Structure formats: C-alpha cells, structure tokens
Amino acid sequence: MKRVFTLTNKTLGSQGNLIYSWQKTLGNYLATAGNDNVVRLYDRHGELKEEINLPGQCTGMAWDKDGDSLAVINDKNGVVTLWDANTTRASQIDSGFRDTMTFLLWAKAGPYLAVGTAKGNLLIYNHQTSRKVPILGKHTRRITCGAWSNENLLCLGSDDNSVTVSNVEGDTVRQTSLRAPPQDVQFSEMKGDERSQIGENTVSVVIGKKTLFLYNLNDPDNPIELAFQPRYGTIVSYRWYGDGYIMIGFSNGFFVVISTHMKEIGQELFQARNHKDNLTCIGISTSLNKAASCGDNCVKIHDLSDLKEMFAIIQLDDERGLDKIGWTDDGQLLAVSSNRGNLHVYLTKLPMLASCNLTRIAHLTSLLEVTVEDNIQQDQPTTIPIDVEPSFVGLGPYHLAVGMNNRAWFYLMGDGGIEKLKDREYLGTVQSVCLNADYAAARFEGKVQLHMIEGETQGTTDERETKIFPERDQDDNRITCHAITPEFLIYGTDNGGINYFYIEDWNMVNEFRHIVGIKNIFPDSSGTRVIFIDNKSDGFVYNPVNDQVLDIPNFQTTAKGALWENWAPDRGVFITYDDEKIYTYMYSRESMHGPVVEFVGESKLPYGNIPILMYGGEITLQSQSGRLATQTLDTHSAIVGENIEDNLGPDQIRSALKQGILLKRFKDCWTFCQKLNDIVAWIDLGKGALKALEVDFAIRVYRDIGDVGMVTSLHQLRNLEDRNLLSGNIAMFLGEFNQAQDLFLASGKPLAALEMRRDLLHWDSALQLAKALAPEQIPYISREYAQQLEFTGDYMNALSHYEKGITREEKDREHDEVCVAGIARMSIRMGDIRRGVQMAMKMPSRMLKKECAGILESMKQWTEAATLYEQGGYYDKAASVYIRAKNWNKVGDLLSHVTSPKIHIQYAKAKEADGRYKEAAEAYKNAKDWDQVIRINLDFLQNPEEAVKYVRETQSIEGAKMVAKFFQKLNDYSSAIQFLVMSKCNDEAFQLAQAHNQMETYADIIGPDATPEDYQSIALHFENEKNHFLSGKFFLLSGQYKRAMKHFLKCNGEDSQAIELAIETVGRANDDSLTRQLIDFLMGETDNMPKRQTTCRRDRQHAEETDNMPKDAKYLFRLYMALKQYREAARTAIIIAREEQNAGNYRNAHDVLFSMFQELKQQKIKIPSEMSTNLMILHSYILVKIHVKRGDHLKGGRMLIRVANNISKFPSHIVPILTSTVIECHRAGLKNSSFSYAAMLMRPEYRNQIDLKYKKKIEMIVRKPDKTEEEEPLTPCPYCGFQIPETDLLCPDCKNSIPYCTVNCKHMLKDDLTACPKCDFPAIFSEFLRLLETEETCPMCSEKVLKENLEKITDPSKYLSPEEGTE
C-alpha cells in the first residue's frame, strides 16, 4: 500500500501520547492532539489546515455523525471547544462543571454530545437546539468510556466498577455492577433466533482487560461473561462486525473472532497470531470489508469474507512499536500512530476514477496522480501529477482532463511530454467529462457544455467554440448522461431522449424518444451502436441508423455499466456488469432473426473491481488500490490467448467450440472441429454459421462432412439479395418454421411460406396462407389436407375438405377423381352407405372399390362389401365376405375365380357339414389341404386307392397316419407298416411288424432314413429269429461292426451278398482283427489249424463261423479295395483277370484290370508291369471287333497278330482266335502272317477244332502259301524319335516302354496326341476323331465321348513321364 504522508512527533507536538480522529463520513480532515495543548487539523494530503489552541492538554476529541463539527475537551477547564468544518471557525460551550472532563462522544443518530467528568458527572448537549442537560452523580467516580446506540441510548463505564444505560434526557434505564473497572464500552446486537425490536440490544464491555462482558438489555438478569486463554494475553481492543460477530485483539499478538449467537457462543470461529511480540490495536472498515491489526512494527490487513486470506501487510521499518490505527469511513485512508508519536497515513482505497480512449486508460493511481497506460499496445505508462484530488477524469486521443466541483484542468499528451494547458470553470458541479481529438463535453446540473479543448476562451465570436445542451427550446429536458465519439456528441435525457449532435456540421442529426427516462448510455467507438439503461433499469441496444431498439436478454436490474469490445473482429460483443458478475452478449446486425442481441454467458467479477476496458475477450479491471488487472471472461476462456494451439482435451475443445459459435468466431471453430473430428460438432458449427447468415462458410462446413443435399440447397441461396427470403429458407432448413413463415411473408416471395407449409403438411396454416396469397390453390390443398385428416381418423372434416377440393375442371380430372373417391370413402365412414356405394360403383377405379369394400367389411356390412369386392374383381375377398354372410350360393359361383386356399377350406367345411362329401373333397383339393382330402376319401367316400395316391404324391405325414390306421383295420399289416413309416411313427411300425411277423417288410420299408437305434432294434429281432444275414445287415447299419461280422460269417459261404456286406463292414470298421477274420474266411484257411489246437473259445468260434472253403478271389479283391490296400488289390485283380481270361470272359478281365489301373494311378502307386501288359493284350483283343466292324481289316489283323502272339493267355478260345487271325490277316493282305497262323492251326491238337466253315480255306492257305507281306509302317519313338514299327511298344534304341493309343493300340505319337476326357488314357488325336465318326464311346472306359470335347495335347510329358508311384 502506498504511504500518502507522514507527520512526525515534532510536527505534532507529541512525546508519544498522540490522540487523532478522522472526520466522519467525508474523511477530509484528520484532527491530532499531542502534548503541546494544540489541536491540529490536516487535510487528506497531510497539509495543515487549522490549529486550535487549548488552555490545557487535550483529553478527548470527537466528530459528530456528519463530520461537520469537532468537539475537543482539555484537562484545565470545563469548556468544550467546537470547530465547524464548513466555516473553519471554533466556538466554545461551557459545561458548567468545575471538575476535569474525561470523556466526550457524539451520538450515532442525533445531534447529541455526551461529556463525562472525573467525578462521574454527565452533560448531554443538543447541538441543534443548544440545550444542555447536566446530570450530577451519574457515577461516583471518573467516567472512562461510553457508547451511543442507534436508538440514542447512552452507555457509560466508570472507575466505580459499574455501567449505566441512559436516555437523551439523562435518565438511567439500566445499571449493572462489575467486578473490575470497565473499558471500551460498545453497543451492538447479539445474534438470536428472532430480531430484537429495539435494534442494538447488547452492551459489550471489557472487564479488567481479561474478560468480555455481554449485557443484553432485553435480558438484564442473565449477562454473559466470556473468558479467553491466558496465552492470548490481555484484551487490547475489539470490534463488532457483520451479523453479531466480534473480532478481538490480544496483547500477545493473537487475533480471534467469536460469534454471539447462543448456539455458537464461546466458540472461536477464527484464531491467528498476527504479531510475534505484541498487538496494540485492531480496526475494521465496513466499506472495504477489511480488518486490520497493528503490532510490533507492521500492520496486517485481512479480508472479512475470508479471514485466512491476508490482503496486505504494511511494514514500518522506521518504527519500533505501533500504537493505534484508524480508518476513514470510506476506507480510502488508514492512519497508524507509533509509540514515539509519529503518524503515518496510507492509501488503502482510491476513488474509482478512470476513463478510456480506444485501448488507452487514464486512472487514478494516487490521490494526486493519474497514470495513462495502454496494456494492449504495451506502451510505457505515463504518470501525471495533478494539483487537486479529482472527482472526475476524462481521456481523449491527445488530452487528459481532471477536475473537481465546477473546475477542470486539461493536459496535452504530446510527443514532447505532458503539458498543462489550462483550467476551465463551468456553470455548475461537473459530474463527468468526455473528450475527443478537438472537443470536450462536460455534464453538470442536467446540462452538457461542448467546447473546444485548445480554442480561444475569451473574446471569440466563433459559434463552433462552445455550445450548451439542451438548447433553450428544450429547457424542460434534463441531461442524465452523455458520451462523445470522433464525430458525435450523444446524450440521454430524463424524458427518454437520445440525441445525436454531429460536431462537423454543428447540427443535431438524430433524436430518438424512449418511453421512460434514460439513466446511462454506452456507445461503441464509432457511435453507431448504443447501449442504454433506462430509469426502470432495463437495458437496450439502440441503432441510430434506423432507430431500432433491441431488448438485452437476461439484463440485471442491478447493472452498473456496460462496455463494448474494442477488438475489431469481435465488434458485436459487449458486456454489462454489476457488483458481482459480468454478463457477455453478442449483438448481430444481420442474422436469421434479423438484428438480435444474444446472451452468451456470465463471469464472476472480483470483489471491489470495476471493468473499464474490453479487448479480445479480456477485461481490464480497476481495483480499489488503483492498480489495473486483466481477467479473461469465462465466455472466452477456451478461445483466448494461446489455448487454441494447445493440446486441449475433447471436453475443453467442445467448450471452446460452443463459445466460438456463440461469439461468431467461425475460423477458430473450424480448427476445433478438425481436432474433434465429430460429426455433431460439424453440424453445430454449420447451424451456427447459417444463423449468422454466413452461407459461404456453412457451405464449406457441410461440404466437408459430405452433406450433399445441404450444400446443393445452400448453393441455390448464396446469391439471394432478399435478406428475408434468405433468412426464411435458412430458418426452414433449421426447423424454425414459424420464424421461416414470418420471414417469407416479409420477403418479395411470400408464396414461399405457402410452399413450405404444404411441404410440411401443415394444412391449416397452408389454407390460411392460400386464402390470402393464392386462392386458386385452395382445392389442391383441401384435397391433400383431407387425405391427412382421413389418415388420422377425422372423417367429418376430411369429407368437408374433399368436397371443397372438387374443381369440375377438365384439366383437373384426375384431381377431381381423387376427391370423389375420398367423398365415397368418407360417406361410408360417416354412415351414408348408399351414397358412398353408389359413387364407388360409378367410378372406374378397382382400388376405390376395394377400399370402400374394406371399410364396409370393417362395419360388418357384408353384402355391400362383397358386392364391391366382386365388382372390383377381388374374388377372394368377395368370397370371404360372402362366407361371413353365409351366402354359400354366391361363394360357389365365385370359386372358379378364387385362388385363396383359406376360402376353399371354408367352403369345403361348409359342404362337409351339409354331407356333400364329394364337393367338400374337391374344395379341399383346390385348397391343397391334402390331409382333409385323404380323410374324406377314407372316412366318407370309401376310396382308399385315391387316399393312397394322395399320400404317395404329397408325402403327407398325417395323411400317412390315417391310411395306416385304415389298413390296420383291414389287417393289411404290410401296407399299414409302410404308411406308419411314411408318417415317421417308427416305433408303432416296429411294434406292429414285430407283432405280426412283418419285420422284413418293416426293414425293407424303413430304408436309409432310420436311426441307429431303429436299426439295432431290427437287428436284435432278426438275431432272435436266427436270420444271420438280416441281423448282420442291420447291425452294420447301426454301427455295431463286430456283431455284424459275426452274423455275416454265419451265413452260407456261397451267399455272395453276405460276403459283400462283410467286406463293407471291414471297410467301415477299420479294425485289424475283423480284417484278419474276414481274410481267413475268404481264403478258407481255418482247416490249416489242427483240431486239437482250437481249444480256446475264440478259435473254436472262429472255426465254427467258416466252412473251410476258399471263396471267389473277387471278394478278396473287393476287401482290399475297401481297406484301400491297393497293392494287394492289384495282385488280386491280376489273379481275377487271369481267371476271367481263362474262362473266356475277356471283357470282365479287361474291366477288372482297367479299374485297378485307374485306382493305382489315382493313388500314385506304381502300376505292375504284368497288369499293364495284360491290360494292353486284352484291350488289343477288344479293339479287333471295333475295327473289323468298321471294315478296317488291317488294324484288326495287326491287333489279332498281337493277341495270337500271346495265345496262351486265351486258353478257352485258342482255335477261334487263331482262325480269326488267319482270316483277318488274309483280308488285310498280311499273307505271310496268315500262312504262319494257318500252319499253327494244322497241328493235330487244333486241326479237328477248326470250324468247318473255314477249314478248307485254311488248308488251301497252307497248301498254296503266299508269303508276300508289306512291311509295317514306321513311326518315330515319342521319347527319342527312332523310327520303329507303329505297333511296337518297346523302343530298341532308348529301351523305353511306349504308351499306346486307346483307339488302335499303336504306340503314342508325340505330335498327334490327345486323351480321353473321361479316363485320361492317351490316344492318337486323328485316330480318335475317325473313331468317333462311327462310335460314341471310348474303347477303354466305355464312357460316352463328344467330338468337341477332344483337345489336342501339345505337352506330352504327363503321359511320357508319369509320376513314378511308390512300390
């Protein structure tokens, strides 16, 4: 805190015992008294203003309640000296007492002065009437202390250890004795459950410096005496404050707060040791809401709202000990006296004087000092000393004005420094002054004087030098507020006027009249927007361009002022403030709602601070100490400063986005939305931009989120010049339809409001708009409205609107048809059925007939409904309604058109009930209800054949059950079982089969669909019947392979079916023991086991299960195949083929070898050469017949030569084969070969077996041999290219076995290669094509082959070097 001045003990004439007192209320004077019998009066700046000489040393002084009079007493006589602060003159009052005066005190609420003496006498003096009331013997000893109450009760304390309470007449009201001399008597009010009727009801007094005595005037018999901890020391001083709280200072430096509420009394609410050694005094300033204590050599100041908070500390290093402290009533100055008699005065609160010009601020920093600073531009502060303590300050671009009363001093703030220009006197006390570059405007006593700052003031004739407002013709107006801008003087009057005076033209340019008086105005820097507060404490924003006034929402009646934002991008932002909060608003000249003021939010205002400047969301505050502070508004906290660049959390970014949208900072909001990446945030930003009519920015937002529809719609609006039309469309997009309608109607295209209401289905509004804007649209709107009313069930109004919708215009024929249809429907619904039905019958619409029929059906008007359905061609519905009406004749007539099974069923049931079963069955058949058809045929028509036919066709389960029961009644158990199985009643079928010895039938019927349990049941049955084959078969199906095998082996050894199933069992079981068992059975090897060795049960059982006879090798082959033991299968296949070949079954032998060949190739197992050779020889034999049939005797002969060369493999047909070889070779011209085989036939063992038909010819060939024969053509080996005969399959050069052609058994040709699409055997491409001209199948696999499926193979490696399988 700043020290204002210091008065030394020499100046004060004190030797340590200094008495001083501040003037009440105003605090303009400080009265002091030392030891030199002089009372000195100083002003607030420490200048001596008056000295009062006394006949003796001053023993007391006091100011009256208004600060007009100072009373002083001394120790030499009974005269009271009064000094008048207004006249600065002293007067004397004789008390009439001869003893020394020891006490005096002015009343709080009246003109009374109480004076006490050393002998206990009392004088009450009425300063207003000069009446003196002496009271002798009020106390018996010296009166030392006292206090007045607000009710003018006087409480006195005396050394006679008593306290008295008296009225203004001196009569004693209360008196009480104490156990020690009283000190520091005070009046206050104790906290209680009920307020005291006499106000200050409690006298507090310190007794013996140890205890605090509380004496309640309402309860005098129960005083309260409070004692404190001894470590606190003695009570030095105490003060009442707040609602019954007492602050007490103790000598040891402690500082304690207690409450006088009875529930809290005796409890310490706060305690702190403020001073280390001693505490000498405490003081409280209610205007500052501060408390101070002094001790040691410092003063500590606390905030009463939070005592823990230390507001300030004043350190007096030049003093060893302090004595007393005293505050002025306004809390601006604090006086501190020391033990040595020095007096120091500190500035604790400055007058809150400040003025702004753009971003510069002039404010009072001391009582005689003004500082001009610009925190925005960061200019160096300028301190200007002034001559007087000002009551107003004004700041212009180049000048500063300060002043008090009716006088102002002007200073020029130039580049050369501060220059004092002049002072000016006005015609009254100035309340405020405003400056621009050239002019100053001072307001005083309801007037404003506008004058040039640096113009001539004497002898000028220039009318632009000065002007006083209001002018003479408006003298009845009193100006209550004013402001000045570079161009205008603006002032408000008590009759509601806001006037604009244009300084350049020196004329009044605008006058606006509000309904009540104007209290204050706050224009922006240009004067084009003005906030004003009227006498009702309502706030408004005024636009002087069009005299538009907007209410400020949420405006507080306690508002003290307002500020406009000085940062250019936020020109529309302003604040209002009261003592506790700041309220932020946004004024928009253009928005969807037109000019509008929106409430943004509120911020807390620090106690005792006043906002004086707003820039970029930061408020510059003036504090009571004269310092400036800045505060960021809560409404701007997330978007001001460097926060935008920080890594904010999502919640903080959302808060910033919300603030940015309210403040129209859309560029910042774009950044926030990018960080959030939230579609909701983008949509909120888009809506905010639209409400502000920022269409281009909104398009950018909606394009970014991919809202094509909105972007397209906004593109159509962006060039609209009609603001109302634009705003209306935006309001419609945002769902504010009433606002949109008002805006459309105010625009140049009012029909847009009608179009909107129609699109929204707001038909009442649309009809009202159509009556005014487009009467020709009423029929169409009526029709659409009627359709909606019909949908919602308001049929009466719907009928009315349908009738209004008829135009009877040819061009609106379709429209009229819709209306007529609606009338028909509504007539029926309203009960006028005849009218509705007639209209529906006349109309061509099928749909209308259906709709009306549906309505009639819901009303149970069956006949009319059915008739309309029939007329409309809805035969199913018509028949259904006729059924409800029991009109079966009509139903029968419609049946040929009916497709619904439900109708047919209903009709069938009716016919069945009438006993007309044939018609019922036919109806059920049309309904495809086969169960009922079957039932009718069985139960009534006695036609089981038909029923069985339907069951077989439909596979109906219920039908099968009925048929089964029917056959059961006829004892046809086989059929009954069949149909029970069909109906999934397997258990019943099983029991029936078991009971009637029909298990084989059941087993045949059940087929593959049964469960393992079903198969097991059947198997057990056959096991009991000793039917091993069937028992084994069903054990196999149930998965019990060992039991199945047991029964199969018990079957007759020649039973091939049992052996095949046994092989299948082994294949499924994958059980080695079963496999060995079956192989032994097939090989008949049990006999090799000596009988005496078959002693174990298992061996005996195994011996019993075999007949000791080897079985056909084909079974062993199938077993190996089932077990996937392909090598063993291959060996077996060769044996089988050999047996077949020996038996003359060459085709069977060929097929066995071929199938085995394919299987081995598929399993990638090397094919035995014996198998391959045998297959080739057999295939050559089979090809003979094909080529001979085709007339190709050469190929047939070649193949027969190959077969004849291996004639031992064909023992059953040696002679026929040799005979054929001779004949075919002879035909083919192979004469030498023909002769060779003919000679072989002439051997004795064959000769007699030759067919007589060929015998002579063969003998002729032998007798007359012709050994001419063409050499066999040579073709290249596909491996090495060596030329070899075409039927040779072994290359003598490379020793490779060459694959042969499946068509002619010649060796494969590399350049003319194909393969059968089915079996993949190689063939000569050209030969295969020729073969397919007469044949359809492959000679090898006998599968059908199409010529177009043959493809020439260019890469023969697959066939020349097949993958070598494992051995």
Side-chain angles (χ1 to χ4, degrees), residues 1-5 7 19-33 39-52 60-72 81-91 104-113 127-128 148 150 239 283-290 292 324-337 343-353 364 366-370 386-393 402-408 428-432 444-445 608 624-626:
M1 290 189 178
K2 189 173 183 180
R3 186 183 293 186
V4 180
F5 61 89
L7 301 174
I19 300 173
Y20 66 91
S21 178
W22 284 106
Q23 181 187 21
K24 294 285 186 182
T25 309
L26 299 175
N28 286 332
Y29 292 102
L30 174 65
T32 66
V39 174
R40 296 174 175 82
L41 289 107
Y42 296 89
D43 65 7
R44 294 163 63 92
H45 312 295
E47 293 184 10
L48 181 65
K49 293 298 184 182
E50 190 75 35
E51 288 187 348
I52 304 172
M61 62 175 68
W63 292 90
D64 70 351
K65 64 181 178 65
D66 297 319
D68 292 334
S69 299
L70 172 69
V72 184
T81 303
L82 293 178
W83 182 78
D84 192 314
N86 297 320
T87 62
T88 67
R89 293 182 180 179
S91 61
L104 87 162
L105 186 67
W106 287 94
K108 293 179 183 178
Y112 304 108
L113 174 66
H127 184 54
Q128 191 171 342
W148 284 94
N150 290 328
R239 295 287 182 273
I284 288 179
S285 172
T286 54
S287 61
L288 283 181
N289 200 38
K290 300 284 189 296
K324 296 286 188 291
I325 54 176
W327 244 309
T328 56
D329 285 355
D330 59 9
Q332 288 187 5
L333 298 174
L334 174 67
V336 184
S337 62
L343 186 66
H344 307 276
V345 177
Y346 290 89
L347 186 64
T348 55
K349 176 189 172 185
L350 269 174
M352 306 287 271
L353 294 180
L364 202 63
S366 185
L367 294 176
L368 297 174
E369 179 183 274
V370 174
I386 54 178
D387 298 332
V388 297
E389 185 177 337
S391 58
F392 59 85
V393 175
V402 297
M404 63 180 295
N405 298 330
N406 67 334
R407 194 171 178 184
T429 301
V430 176
Q431 280 87 36
S432 61
F444 54 86
E445 297 179 358
Q624 296 174 344
S625 64

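Heavy-atom basis, side chains included; hydrogens, waters and symmetry copies ignored. Model, not experiment: these values are computed from the prediction.
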May I ask you to check whether over 12 heavy atoms, not counting those of Glu51, lie within 6.0 Å of atom CD?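 Yes.
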Partners passing salt bridge (Lys or Arg N to Asp or Glu O under 4.0 Å) against [X] (at least two apart in sequence or in another chain):
| X | result |
| --- | --- |
| Lys2 | Glu369 |
| Asp43 | Lys49 |
| Lys108 | Glu200 |
| Glu389 | Arg44 |

Roughly how far apart are [X] [atom1] and [Y] [atom2], rounded to 0.5 Å?
| X | Y | atom1 | atom2 | answer |
| --- | --- | --- | --- | --- |
| Asn86 | Thr88 | CG | OG1 | 9.5 Å |
| Asp68 | Leu82 | CG | CG | 12.0 Å |
| Trp106 | His127 | CH2 | NE2 | 5.0 Å |
| Arg239 | Ser285 | CZ | OG | 12.0 Å |
| Leu113 | Leu105 | CG | CG | 8.0 Å |
| Leu30 | Arg40 | CG | CZ | 12.0 Å |

Quick one: closest heavy-atom pair of [X] and [Y], and the distance?
| X | Y | value |
| --- | --- | --- |
| Asn406 | Gly428 | CB-O, 3.0 Å |
| Gly331 | Lys349 | O-CB, 3.4 Å |
| Leu343 | Ala335 | CD1-CB, 4.2 Å |
| Ser391 | Leu353 | O-CD2, 3.5 Å |
| Ala85 | Gln23 | CB-NE2, 3.8 Å |
| Leu334 | Ile325 | CD1-CB, 4.2 Å |

Can you classify the ring geometry of Trp83 versus Trp63 as parallel (below 30°), tilted (30 to 60°) or perpendicular (above 60°)?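 Because their plane-to-plane angle is over 60°, the rings of Trp83 and Trp63 count as perpendicular.
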Are the side chains of [Y] and [X] in contact, using a 4.5 Å heavy-atom criterion?
| X | Y | result |
| --- | --- | --- |
| Val388 | Arg407 | no |
| Leu367 | Pro351 | yes |
| Leu347 | Leu333 | yes |
| Pro390 | Leu364 | yes |
| Ile52 | Leu41 | yes |

Using the side-chain contact (heavy atoms from CB on, under 4.5 Å) criterion, which residues pair with [X]? Sequence neighbours excluded.
| X | answer |
| --- | --- |
| Asn289 | Asp303, Leu304, Ser305, Tyr607 |
| Ala408 | Phe392, Phe410, Tyr426 |
| Ala107 | Tyr112, Trp148, Asn152 |
| Asp329 | Lys24, Thr25 |

Using side-chain hydrogen bond (donor to acceptor under 3.5 Å, both in side chains) as the criterion, list what pairs up with [X], not counting sequence neighbours.
| X | value |
| --- | --- |
| Thr81 | none |
| Asp387 | Lys420 |
| Tyr346 | Arg3 |
| Trp327 | Thr348 |

Does Tyr20 reach the main-chain N or O of Lys324 with its side chain, forming a donor-acceptor pair under 3.5 Å? yes
So, Gln431 side chain and Thr429 main chain: donor-acceptor pair closer than 3.5 Å or not? yes
